[in-house]
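Heads up: the structure comes next, in structure tokens.
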Amino acid sequence: MTAAQSRDAVDTRERAAASGTRSRVVCPILTRAPSGESGPLRTPEARSDEAVGLARAIDLDVVGAEIVSLSAIRPATYLGKGKVEAIAEAVKADEIDLVVMDCALSPVQQRNLEKAFGCKVIDRTGLILEIFGRRARTAEGALQVELAHLAYQKSRLVRSWTHLERQRGGFGFLGGPGETQIETDRRLISERMVRIERELDQVKRTRALHRASRADVPYPVVALVGYTNAGKSTLFNRLTRAEVMAADMLFATLDPTMRLIKLPHGGAAILSDTVGFISDLPTMLISAFRATLEEVRAADVIVHVRDISHIDSEAQAHDVETILEELGIADRADRLIEVWNKLDKLDAGARAAIDHDEEAAPAALAVSAKTGEGIDRLMAAIEDRLARGRTLVELTLDPSDGRGLHWLYEHAEVMSRADSDDGLRLTVRVPPDQVERVKRRFGEGP
């Protein structure tokens, strides 16, 4: 059995086990937003639906979900005593195996809730890490997920090895106290994290070499970013005619994919489909995937794909913008195109409102990656954005210079072409660093 077959067999067993895990999703909502929090507020129903979607993304059997309003976070259990007791009764009555808390729990809160509920408890961070662990297919993706998982696990080591609570070091009976089991585990985890970070540094250097090699071949890079399940992979398939996995599921794809696309006037660009973003994305995941997301930082054009049919579209857009800022992409305004996707899901009234908003905000483009509506305008917008700073050059070619004509179509954008008695008259658009090369090779037209 090959390594890939073994991994697929393990994934199949994991999915089978998860599908039988009866789960309950609890979505705590603070009635007062924390100080310093900005941006559009999410509706409790949309947050709960997203949490359920995350749980189902790893095939959990979600028996029930509830929204819990909180006036303040309790240090010991996050929830109030009465609510903890009520959930514990529901867990026992429904024979729940796992409670998913849609919030960030401290190790103490997680432990106390597990004791109170009598079942396993995971928080939002642990759930997202579990999904990423299932979705990672490449060696790089697996390393990134493992690094994030170890960073999360390191802070949650508990004293479960009571029979090894204190070991003795040295020889005979004179040795001093050795490492506790927790300290040993932390040391082993730290050593593994250092090894993974070294491997990821090599990945980072390899990606830098790939970007340098792409710079030698003048193909600009267009990166798709957006909230998870906004339709990036469907749009990627539409633009490239590829068959990247696309499903109505949170984090359907994880590993980045790159393909060459042809622009309307004959030019070419590399389109990159990146991992989807999500609210409260764990900090360790942003750090672990920084090597992958550097493709976004280096992109010539960033296409921000929004699910305009979603009730929390504005809040999702704010989350994406926040993560882009955390990645250090502050100058994105000059190279960002906002795309309002999933027009096919809107009714007539919503479509009319979108058309009005699009006229008021011409920077946004309304499309449907599923039906293809608006794709031509998007391709033209990408080409126009890439053309900023490029120079128009008038050329006249000898009709027999087929090789030169082919070179222009491959390395420049041919805006117009006309036959004349003097030869082929062309108007081409070229990057600034290629202008002198084109003029030396072909000369300028009269």
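Only heavy atoms go into these numbers, but all of them, side chains included; no hydrogens, no water, no symmetry mates.
Side-chain contact check for I382 versus L386: some heavy-atom pair is nearer than 4.5 Å. Proximity of E373 to V367: side-chain heavy atoms (C-beta onward) are nowhere separated by under 4.5 Å. Side-chain contact check for R22 versus L98: every heavy-atom pair is 4.5 Å or farther apart. With contacts defined as side-chain heavy-atom distances shorter than 4.5 Å, the pair Q109/M101 does not qualify. Counting heavy atoms from C-beta outward, L343 and R351 have side chains that approach closer than 4.5 Å. The shortest distance between side-chain heavy atoms of F277 and D319 does not fall below 4.5 Å. Between V225 and V303, every side-chain heavy-atom pair lies at or beyond the 4.5 Å cut-off. Under the 4.5 Å side-chain criterion, counting only non-hydrogen atoms from C-beta, L79 is in contact with L70.
Summarising the geometry, atom CG belonging to L143 is positioned 11.5 Å from atom CZ belonging to R195; distances are rounded to the nearest 0.5 Å. Note that CZ of F236 is 9.0 Å distant from CD1 of I261, once rounded to the nearest 0.5 Å. Rounding to the nearest 0.5 Å places CG of L224 at 10.5 Å from CD1 of I337. Interatomic distance, L424 CG to L397 CG, rounded to the nearest 0.5 Å: 6.0 Å. Of the inter-residue distances, the one linking I302 atom CD1 with R335 atom CZ reads 4.0 Å to the nearest 0.5 angstrom. The CG atom of D376 lies 12.0 Å from the CG atom of L365; values are rounded to the nearest 0.5 Å.
Using a 4.0 Å cut-off between charged nitrogen and carboxylate oxygen, R425 and E394 do not count as a salt-bridge pair. With respect to E383 and K262, no salt bridge is recorded, no charged nitrogen being found less than 4.0 Å from a carboxylate O. Checked for salt-bridge contact, D307 and K342 meet the test: a charged N lies under 4.0 Å from a carboxylate O. Using a 4.0 Å cut-off between a side-chain N of Lys or Arg and a carboxylate O of Asp or Glu, E50 and R124 qualify as a salt bridge.
Judged purely by atom type and a 3.5 angstrom limit, R24 has no side-chain atom pairing as donor or acceptor with the backbone of V100. Without hydrogens or angle criteria, Q110 side chain to P107 main chain gives no donor-acceptor distance under 3.5 Å. With R259 contributing its side chain and T240 its backbone, the two residues share no donor-acceptor pair below 3.5 Å. Distance alone, capped at 3.5 Å, is enough to place a donor-acceptor pair between the S23 side chain and the T21 backbone. Under a 3.5 Å cut-off, the side chain of S48 and the backbone N or O of P44 do not form any donor-acceptor pair. Under the 3.5 Å distance criterion, the side-chain polar atoms of Y227 are matched with a main-chain donor or acceptor of S279.
Across all their heavy atoms, A350 and D347 have their closest contact at N-OD1, 2.8 Å. Annotation for K120 and I122: closest pair CE-CG2, 4.0 Å, computed over non-hydrogen atoms. Between R377 and A366, the closest heavy-atom pair is NH2-O, 3.2 Å. Heavy atoms only, all atoms of each residue included: P220 and A268 are closest at CD-O, 3.3 Å. Closest non-hydrogen pair, A104 versus Y78, comes out as O-CE1, 3.9 Å. The two atoms that bring A65 and V52 nearest to each other are CB-CG2, 3.7 Å, heavy atoms only.
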| query | Given the rule in the side-chain contact (heavy atoms from CB on, under 4.5 Å) test, do M258 and L271 qualify, once you have shown the distances and angles that lead to the verdict? | reply | CA-CA 6 Å; M258 306 185 85; L271 186 66; over 6 Å; no

| field | Candidate pair D102 and V26, rule side-chain contact (heavy atoms from CB on, under 4.5 Å), full reasoning | value | CA-CA 6 Å; D102 188 40; V26 178; over 6 Å; no

| query | What's the verdict on side-chain contact (heavy atoms from CB on, under 4.5 Å) for L30 and I73, showing C-alpha distance, side-chain angles and the deciding distance? | reply | CA-CA 8 Å; L30 285 171; I73 296 173; 3.9 Å; yes

| request: Under the side-chain contact (heavy atoms from CB on, under 4.5 Å) rule, what do L54 and I278 come out as? Steps first, then yes or no, please. | output: CA-CA 11 Å; L54 287 170; I278 196 168; 3.8 Å; yes

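For K83, the salt bridge (charged side-chain N to carboxylate O under 4.0 Å, His left out) partners two or more places apart in sequence, or in a different chain, are E66. Evaluation of the salt bridge (charged side-chain N to carboxylate O under 4.0 Å, His left out) rule for D300 yields no partner, not counting sequence neighbours.
Side-chain contact annotation: S233 with D273, donor-acceptor N/O pair under 3.5 Å present.
By the neighbour-count criterion of 12 heavy atoms within 6.0 Å, atom CD1 of I311 is sparsely surrounded, having that number or fewer from other residues, nucleotides or ligands.
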